[in-house]
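Here is the structure we will look at.
Worth knowing before you read on, the calculation uses all heavy atoms, side chains too, and leaves out hydrogens, waters and symmetry mates. Predicted, not measured: the structure shown is a model, and the values here were computed from it.
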Amino acid sequence: MSLPTLEALLARNYRVIVCARPWAKTLLSGYALTGFVPMQGKWHQDARTLRQYRKNHQHKTCFGLSLPDSLSSALIFRWAGIPTAGYRDDGRRFLLRWSIKKPTTSLHAVESWYYLAKQATTIWQQPIAPTPMRSLHLAGVPKADPTLFGLDPKQKNILIAPTAVGLHKGQVKIWPHYEALTQALQAQNYQVYMCPPPNEVEQALQNAPSATRLDPLPLLAFAQLCKSVNVVICNDSGVSHLAAAVNAPQITLIGVTDAARTGPWSDRAICLGQMGKWPSLENVLQHTHLISTTP
C-alpha cells in the first residue's frame, strides 16, 4: 500500500532508498530505486545495517520517511543518524526531526501514508502530487502464461487464499466457508486452486481440502499467478494487497476488519461483508460468477 507514495517520490525525481524486509526487494525490482536496505525486524541490528549502508555509499545528505507508526521504525533512522519525518504517534515525537500530526479525518492506509509523504516533501520544498493514484500497478510484473502454473487457460480458474496470519483485535481474519465455496464452484465446472506459502500449507488444507494445491511460489511469481486467473478470492490480508498491486480481479472477504481503512486499493476489487458480519456463501458465489464471466 506504499506504492502510490513510492511512485510519487520517483516521479518527483527523489532518489529513493527503500528499507524493508528482504522479500520486498524482488517485488520492487521494476522501480528505479537508488538502493535497497534489508530490514530483519530487530531495530538495533537494522540501525547498524542502515548506518553501514550509508557509510559505504557515502549518502551524506539523506532524509528519512518513516511510514509505519511504530517506535522501532523511528528508532532505526535516529540511530542511523538520518533526520526523519513521520507521524508523532507512540511517543515517537522526540525521535523525529519533522513530527507530523495525523489528519483528523479517517483515511485509508494508502491515503494516510501519502498524506505523510506530501507533508514531508512540502517541508523539503519538493512536494509530490496532491493525491495518490486510485489503483496500484506494481511495475515489472507481466501477465504469465497460465500453463506455467499448471492451469488450463480454457477453463475458469479461481485462486483462493483460505489463510491469514495472526488475529485482528483477537478475532480470526479467515472467512469460514472456503471449503463449501470450493465444492460449489467445482460443481459448476470451475477449477479452484490455492497456493499457500510453506508456513500456511497446513492451515490451507484444513480450510479448503478440496481445492487443488499448487506448490509454493516466490512472491513475484505468485503475483503473476494472481494476474493469470479469472478471480482471486481472499481475506483482507497480504494476498488481497498483492492482487491489488498487479490489478488482478479479486473478491476480498471482510468480517473483522474495516475495508475503508485496510481494504484493497484497486478499482478491480470487490469487498463483500463488513466489520462484524462475514458475507454469505451465496453472495460470494454470485459475485464470483459475475466477475469470472465479465470480459
Side-chain angles (χ1 to χ4, degrees), residues 1-21 24-25 27-28 30-37 39 50 54 59-78 80-140 236 238 240-242 244-247 257-269 271:
M1 290 192 288
S2 61
L3 286 182
T5 297
L6 172 61
E7 295 199 7
L9 290 169
L10 292 172
R12 199 66 175 86
N13 295 319
Y14 279 92
R15 300 174 69 232
V16 179
I17 301 166
V18 171
C19 302
R21 292 300 180 97
K25 185 175 183 179
L27 280 182
L28 299 178
Y31 294 94
L33 302 179
T34 298
F36 185 93
V37 184
M39 300 282 101
L50 182 55
R54 187 182 179 192
H59 292 306
K60 295 181 179 179
T61 302
C62 187
F63 296 156
L65 184 63
S66 177
L67 295 182
D69 291 351
S70 64
L71 186 64
S72 61
S73 61
L75 274 170
I76 290 169
F77 283 119
R78 180 63 180 264
I82 298 173
T84 300
Y87 284 131
R88 61 183 65 170
D89 296 13
D90 296 334
R92 296 165 14 123
R93 188 169 188 169
F94 73 98
L95 296 172
L96 301 169
R97 171 72 64 85
W98 300 282
S99 176
I100 310 296
K101 184 178 179 180
K102 277 189 173 180
T104 55
T105 55
S106 180
L107 299 176
H108 190 280
V110 167
E111 296 171 308
S112 179
W113 287 348
Y114 197 91
Y115 176 87
L116 171 63
K118 178 67 168 61
Q119 298 304 305
T121 55
T122 298
I123 294 170
W124 300 336
Q125 299 183 348
Q126 196 172 339
I128 58 176
T131 57
M133 57 186 182
R134 297 307 305 175
S135 288
L136 308 181
H137 302 282
L138 184 64
D236 185 6
S240 175
H241 300 306
L242 190 59
V246 295
N247 204 32
T257 56
D258 182 1
R261 292 184 59 82
T262 62
W265 190 258
S266 169
D267 53 13
R268 299 193 72 188
C271 292

Going by heavy atoms in the side chains, are [X] and [Y] under 4.5 Å from each other?
{"X": "Y87", "Y": "P103", "answer": "yes"}
{"X": "T121", "Y": "Q126", "answer": "no"}
{"X": "P132", "Y": "E7", "answer": "no"}
{"X": "T84", "Y": "L95", "answer": "no"}
{"X": "L3", "Y": "L28", "answer": "yes"}

Atom [atom1] of [X] and atom [atom2] of [Y]: how far apart are they, to the nearest 0.5 Å?
{"X": "L50", "Y": "C19", "atom1": "CG", "atom2": "SG", "value": "4.5 Å"}
{"X": "L65", "Y": "I17", "atom1": "CG", "atom2": "CD1", "value": "13.0 Å"}
{"X": "T262", "Y": "H241", "atom1": "OG1", "atom2": "NE2", "value": "6.0 Å"}
{"X": "S66", "Y": "L116", "atom1": "OG", "atom2": "CG", "value": "7.5 Å"}
{"X": "Y114", "Y": "I128", "atom1": "OH", "atom2": "CD1", "value": "4.0 Å"}
{"X": "L6", "Y": "L136", "atom1": "CG", "atom2": "CG", "value": "11.0 Å"}

Fill in: side-chain contact (heavy atoms from CB on, under 4.5 Å) assessment of S73 paired with R92
CA-CA 9 Å; S73 61; R92 296 165 14 123; 3.1 Å; yes

Would you name the heavy atoms of [X] and [Y] that are closest together and state the gap between them?
{"X": "M1", "Y": "A109", "result": "CE-CB, 3.7 Å"}
{"X": "I82", "Y": "F63", "result": "CG2-C, 3.7 Å"}
{"X": "P127", "Y": "R12", "result": "O-NE, 2.7 Å"}
{"X": "L10", "Y": "A32", "result": "CD2-O, 3.7 Å"}
{"X": "A74", "Y": "L96", "result": "CB-CD2, 4.2 Å"}

Discussion item. Filter on side-chain hydrogen bond (donor to acceptor under 3.5 Å, both in side chains), then keep only pairs touching residues 94-103, sequence neighbours left out; what's left?
Written reply: D69-K102, R88-S99, D89-K102

Report yes or no: do [X] and [Y] form a side-chain donor-acceptor pair below 3.5 Å?
{"X": "S135", "Y": "R268", "answer": "no"}
{"X": "R261", "Y": "S112", "answer": "no"}
{"X": "S2", "Y": "T5", "answer": "no"}

Fill in: Test salt bridge (Lys or Arg N to Asp or Glu O under 4.0 Å) applied to K25 - qualifying residues, sequence neighbours left out
none

Discussion item. Checking H108 now: which residues fulfil ring-ring contact (aromatic ring centres under 6.0 Å, His included) with it, not counting sequence neighbours?
Written reply: W265

Practice prompt. Give the C-alpha distance, both sets of side-chain angles, the deciding distance and a yes or no for side-chain contact (heavy atoms from CB on, under 4.5 Å) between N247 and D267.
Written response: CA-CA 8 Å; N247 204 32; D267 53 13; 3.7 Å; yes

